[in-house]
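Because only heavy atoms are used, hydrogens play no part in the values below, and waters and symmetry mates are left out as well, while side chains stay in.
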Amino acid sequence: MPSAKLPNYIRTHRKRAHLTQNDVAFLIGAKSSAHICRHERLQQTPNLQTLLAYEILFRTPVRNLFSGVHQDVEHKLMYRIRLLIQNLAKSGHSRVKARKIEILNDFLREREFLQRA
């Protein structure tokens, strides 16, 4: 069984780089180290610009820096895709709906294959 992932690994990467929260705040242009602390504790969600700065600074994709959050978002998305497929299947048949269902099922199969690999 895979181990539970932390919501994010900002602190881990910051420590590996021997950087303080003040250092990271300066490098990414945050107003104070409090922002970095809130990001590390997942009390505040970084904006896109900050996420990309973390990715560049730590040379790690955002999906890996926030792997716990990524995993949660992926599970919710997969669940909602299955619901949409069910709703589309119940609402009658058309070529457009059939194509949507096909595309969504292809996506599900691809994700399931990648998760097994």
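- Counting heavy atoms of neighbouring residues, nucleotides and ligands inside a 6.0 Å radius, atom CD of Gln43 exceeds 12 of them.
- Side-chain contact between Thr60 and Tyr9 is absent, with no heavy atoms from C-beta onward closer than 4.5 Å.
- Judged by distance alone, with hydrogens and angles left aside, the side-chain atoms of Arg14 form a donor-acceptor pair with the main-chain N or O of Leu19 at under 3.5 Å.
- Within a 6.0 Å radius of NZ in Lys97, other residues, nucleotides and ligands contribute more than 12 heavy atoms.
- Between His39 and Tyr54, a ring centre-to-centre spacing shorter than 6.0 Å is recorded.
- In this structure, Arg82 places its CZ atom where more than 12 heavy-atom neighbours from other residues, nucleotides or ligands lie under 6.0 Å away.
- Using a 4.0 Å cut-off between charged nitrogen and carboxylate oxygen, Arg80 and Glu74 do not count as a salt-bridge pair.
- Separating the CD1 atom in Ile28 from the CG atom in Leu52 is a distance of 11.0 Å, to the nearest 0.5 Å.
- Annotation for Arg95: atom CZ does not count as buried by contact number, only 12 or fewer foreign heavy atoms lying within 6.0 Å.
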Derivation and outcome, salt bridge (charged side-chain N to carboxylate O under 4.0 Å, His left out), residues Glu102 and Arg99: CA-CA 5 Å; Glu102 179 184 346; Arg99 182 66 180 133; 3.2 Å; yes
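- Gln44 places no side-chain N or O within 3.5 Å of a backbone atom of Arg38 that could act as its donor or acceptor partner.
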Test salt bridge (charged side-chain N to carboxylate O under 4.0 Å, His left out) applied to Glu110 and Arg116, step by step: CA-CA 10 Å; Glu110 178 183 315; Arg116 282 188 230 129; over 6 Å; no
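- Within 6.0 Å of atom CZ in Arg11, 12 or fewer heavy atoms from other residues, nucleotides or ligands are found, so the atom counts as exposed in its surroundings.
- Side chains of Asn64 and Ser67: no donor on one and acceptor on the other come within 3.5 Å.
- Residue Ile10 comes nearest to Glu40 through the heavy atom pair CG2-CG, 3.8 Å, listed as atom of the first residue, atom of the second, then distance.
- Annotation: the span from Leu108 atom CG to Ile81 atom CD1 amounts to 5.5 Å, rounded to 0.5 Å.
- In this structure, Gln21 and Cys37 approach most closely via the heavy-atom pair NE2-CA, 3.5 Å.
- Between Leu84 atom CG and Asn87 atom CG the span is 6.5 Å, to the nearest 0.5 Å.
- Atom-to-atom distance recorded for Ile101:CD1 and Asp106:CG is 12.0 Å, nearest 0.5 angstrom.
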